Amino acid sequence: MSPRQHPATAIATPERRERSGAPVAGDASPLEAGLRSLVDRARSRPDPTLVSCTVPVPRRDPIELFAAARSLGLDPALWLAPAERFALVGIGAAWAVRPTGPGRFREAAAAWTSVARGALVSGDAPGQRGAGPLLLGGFAFAPESRRNGAAWSGFDSAALVLPRLLFTVSDGNAWLTASAVVEPGNAGSGAAGRIVAGLESAWAELDRAGVSVPLTPAVDMLQATGIVPEAAWQAAVIRLAGAVGRGRVDKVVLARQVEVSADAPIDVPAVLRRLEASAPESTVFAFSRGPRTFLGATPERLVRTDGRDFRTVAMAGSIGRGSDEEDDARLAAELLRSEKEREEHRVVVDMLRETLGPLAARLDVEPAAHVIRLRHIQHLVTLVSGRLREQAGILDLVERLHPTPAVGGAPRELALALLEEEERLDRGWYAGPVGWLDRRGDGEFVVAIRSGVVNGASASLFTGCGIVADSEPAREWEESQVKLRALASALGRLP
């Protein structure tokens, strides 16, 4: 159902109220009335103040709302968890933090805590996850990007954005949150009116720009070129496997970048719709920066927090899908028996125990790995959950966990040093943490794998493979091809 079938009733402008036959004078909507009250309070303060008001609204399709915002050049963000019936669409920026360097997680957390502490907030639906002022965004894989890849132009080493308008869907209900930062000099009786009018105008424009995004097959033929040739990449696998065998490291994850192109501009909203349909158990995400959109569908959660409770997952060890149910089961059994894949998985589980154990009053680790089936691949998975001794903001945990051995290697610093020597690409936000956090410090971050950057008629796709002592170069290459197909199949058809 398109946005035009769900009129934007949250902010009722005088023109809309006249059309509906409702009285104009004194007939402010709940959002308008709430914002005016908050702005009036904020403008008397000596410091800039975040004001944020949340109201229930009719449900809209998140991908179509993202598409409408993108068509207006508003650089939207999308977070979509189909299996959980949960979605966020962030539009515009009321405030943002873009830290750099090794302290970027702590810097971002401190800046957001300072802003949120003095915020004036109304209607943020306590108990409703994702409703209210929150930050959406992510971090590059490395603190300082190599910046040798044009794919990442416009993407900072970290960017967490407080949307001007945030649309939240949870279990069939929907909310709209409007946010603004009121400056100390924003005085006068017209201040509230100007801020509310700007938000009204933005929401009304999104309503007029209704975009339909049906589920359609990917028909464009793609041309693909690897940044590093197959022979050179496999030679790097041999060298890294040798480093593991000599005891230098336990595991290293070697990434690949593939450039694809189509005859016409790639339809980003259509790609997101296909990812939603083909990977419902994954988290679909998208962040637009001008002409470029970083998007993907990742099955790997980094961490989710709710107060002192947390959840994460160890996901490492892979095998392809079979031709039928019986073949799938045979391959899953092979995956569970494989010493190489189990060793790769064990490294990740051990890291989670070592990292979270000292912080946890309770740590629950599944006794054995199990297999999950995705559209193109099967993975070994171990669920981990628990309760922290003290409540910590989610960015504190993200900093401790990133990068996991599933995307970097172990021991972490030694593995990353080897990748500096062997990986000839700029990972940018690939395999970095992307997600959201609310004003209480709770939220969710995932590992941005199965991802790529779309720019017009071209895209840069990324994937990686865990290398251990008995890794076989040809098999690792084939595994990387399978992982690439998860996203490439949503963009078009490869030869």
Side-chain angles (χ1 to χ4, degrees), residues 63 65-80 88-101 104-105 107-108 111-112 135-166 202 206 209 227 255 257-262 264-272 275 284-298 402 425-436 445-463 487 490-491:
I63 293 176
L65 184 58
F66 175 91
R70 190 170 178 273
S71 72
L72 297 171
L74 297 178
D75 284 356
L78 173 71
W79 176 278
L80 181 61
L88 300 171
V89 183
I91 301 163
W95 179 87
V97 58
R98 296 180 173 86
T100 60
R104 56 195 175 140
F105 297 106
E107 184 180 337
W112 176 231
L135 301 185
L136 267 168
F139 298 79
F141 179 82
E144 301 291 349
S145 174
R146 297 179 186 177
R147 292 286 173 235
N148 60 357
W152 299 107
S153 176
F155 286 86
D156 300 291
S157 62
L160 295 174
V161 175
L162 170 69
R164 290 184 70 211
L165 296 171
L166 173 72
L206 285 164
I227 294 296
Q257 178 179 347
V258 173
E259 297 296 299
V260 301
S261 60
I266 296 169
D267 187 338
V268 168
V271 172
L272 296 172
L275 291 174
V284 178
F285 60 86
F287 300 92
S288 287
R289 300 287 187 271
R292 293 176 175 81
T293 299
F294 176 55
L295 55 79
T298 175
H402 172 76
L425 59 87
D426 181 358
R427 288 196 182 193
W429 282 30
Y430 163 70
V434 299
W436 62 273
F445 278 78
V446 296
V447 183
I449 57 174
R450 312 292 192 272
S451 60
V453 181
V454 176
N455 181 18
S458 63
S460 302
L461 309 185
F462 299 84
T463 191
L487 181 56
L491 273 65

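Just so we're clear, the structure is a prediction, and the values are computed from it rather than from any experiment.
Between Arg98 and Val161, the shortest heavy-atom distance links the atoms NH2-CG2, 4.4 Å. Shortest non-hydrogen contact noted between Ser451 and Leu487 is C-CD2, 3.3 Å. Contact record, Ala490 with Leu275: CB-CD2, 3.7 Å, taken as the closest heavy-atom pair. The shortest non-hydrogen separation linking Ile266 to Ala459 is CD1-CB, 4.2 Å. For the residue pair Ala68 and Ala209, the shortest heavy atom distance occurs at CB-O, 3.4 Å. Residues Ala159 and Asp156 share a closest heavy-atom pair of CB-OD2, 4.3 Å.
Side chain of Arg104 to main chain of Ala140: a donor-acceptor pair is present (N/O by atom type, distance under 3.5 Å, no hydrogens or angles). Without hydrogens or angle criteria, Arg70 side chain to Ser288 main chain gives no donor-acceptor distance under 3.5 Å. Side-chain N or O atoms of Asp75 include one that pairs as donor or acceptor with a backbone N or O of Gly290 at under 3.5 Å. Listed for the Ser157 side chain is no donor-acceptor partner under 3.5 Å among the backbone atoms of Ala142.
Here the side chains of Asp267 and Val271 are not in contact, with every heavy-atom distance at 4.5 Å or above. Phe105 is listed as a side-chain neighbour of His402, based on a closest heavy-atom distance under 4.5 Å. Side-chain contact between Leu295 and Leu78: absent, with no pair of heavy atoms (C-beta onward) separated by less than 4.5 Å. Counting heavy atoms from C-beta on, the side chains of Val434 and Phe294 come closer than 4.5 Å. Taking 4.5 Å as the limit, every side-chain heavy atom of Thr463 sits out of range of all side-chain heavy atoms of Ile449.
Atom CH2 of residue Trp79 and atom CG of residue Leu88 lie 8.0 Å apart, to the nearest 0.5 angstrom. Taking CZ from Arg292 and CG from Asn455, the interatomic distance works out to 4.5 Å, rounded to the nearest 0.5 Å. The line from CG of Leu136 to CG of Leu166 is 6.5 Å long, rounded to the nearest 0.5 Å. Taking CG of Leu74 as the reference point, atom CG of Leu165 lies at 9.0 Å (rounded to 0.5 Å). Summarising the geometry, atom CH2 belonging to Trp112 is positioned 9.5 Å from atom CG belonging to Leu160; distances are rounded to the nearest 0.5 Å. Rounded to the nearest 0.5 Å, atoms OG1 (Thr298) and OH (Tyr430) are 9.5 Å apart.
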Quiz prompt | Ser261 and Ser458: CA distance, side-chain angles, deciding distance, side-chain hydrogen bond (donor to acceptor under 3.5 Å, both in side chains) verdict | solution = CA-CA 4 Å; Ser261 60; Ser458 63; over 6 Å; no
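Tested against Trp429 for a ring-ring contact (aromatic ring centres under 6.0 Å, His included), the candidates Phe141, Phe139, Phe155 yield a single pass: Phe155.
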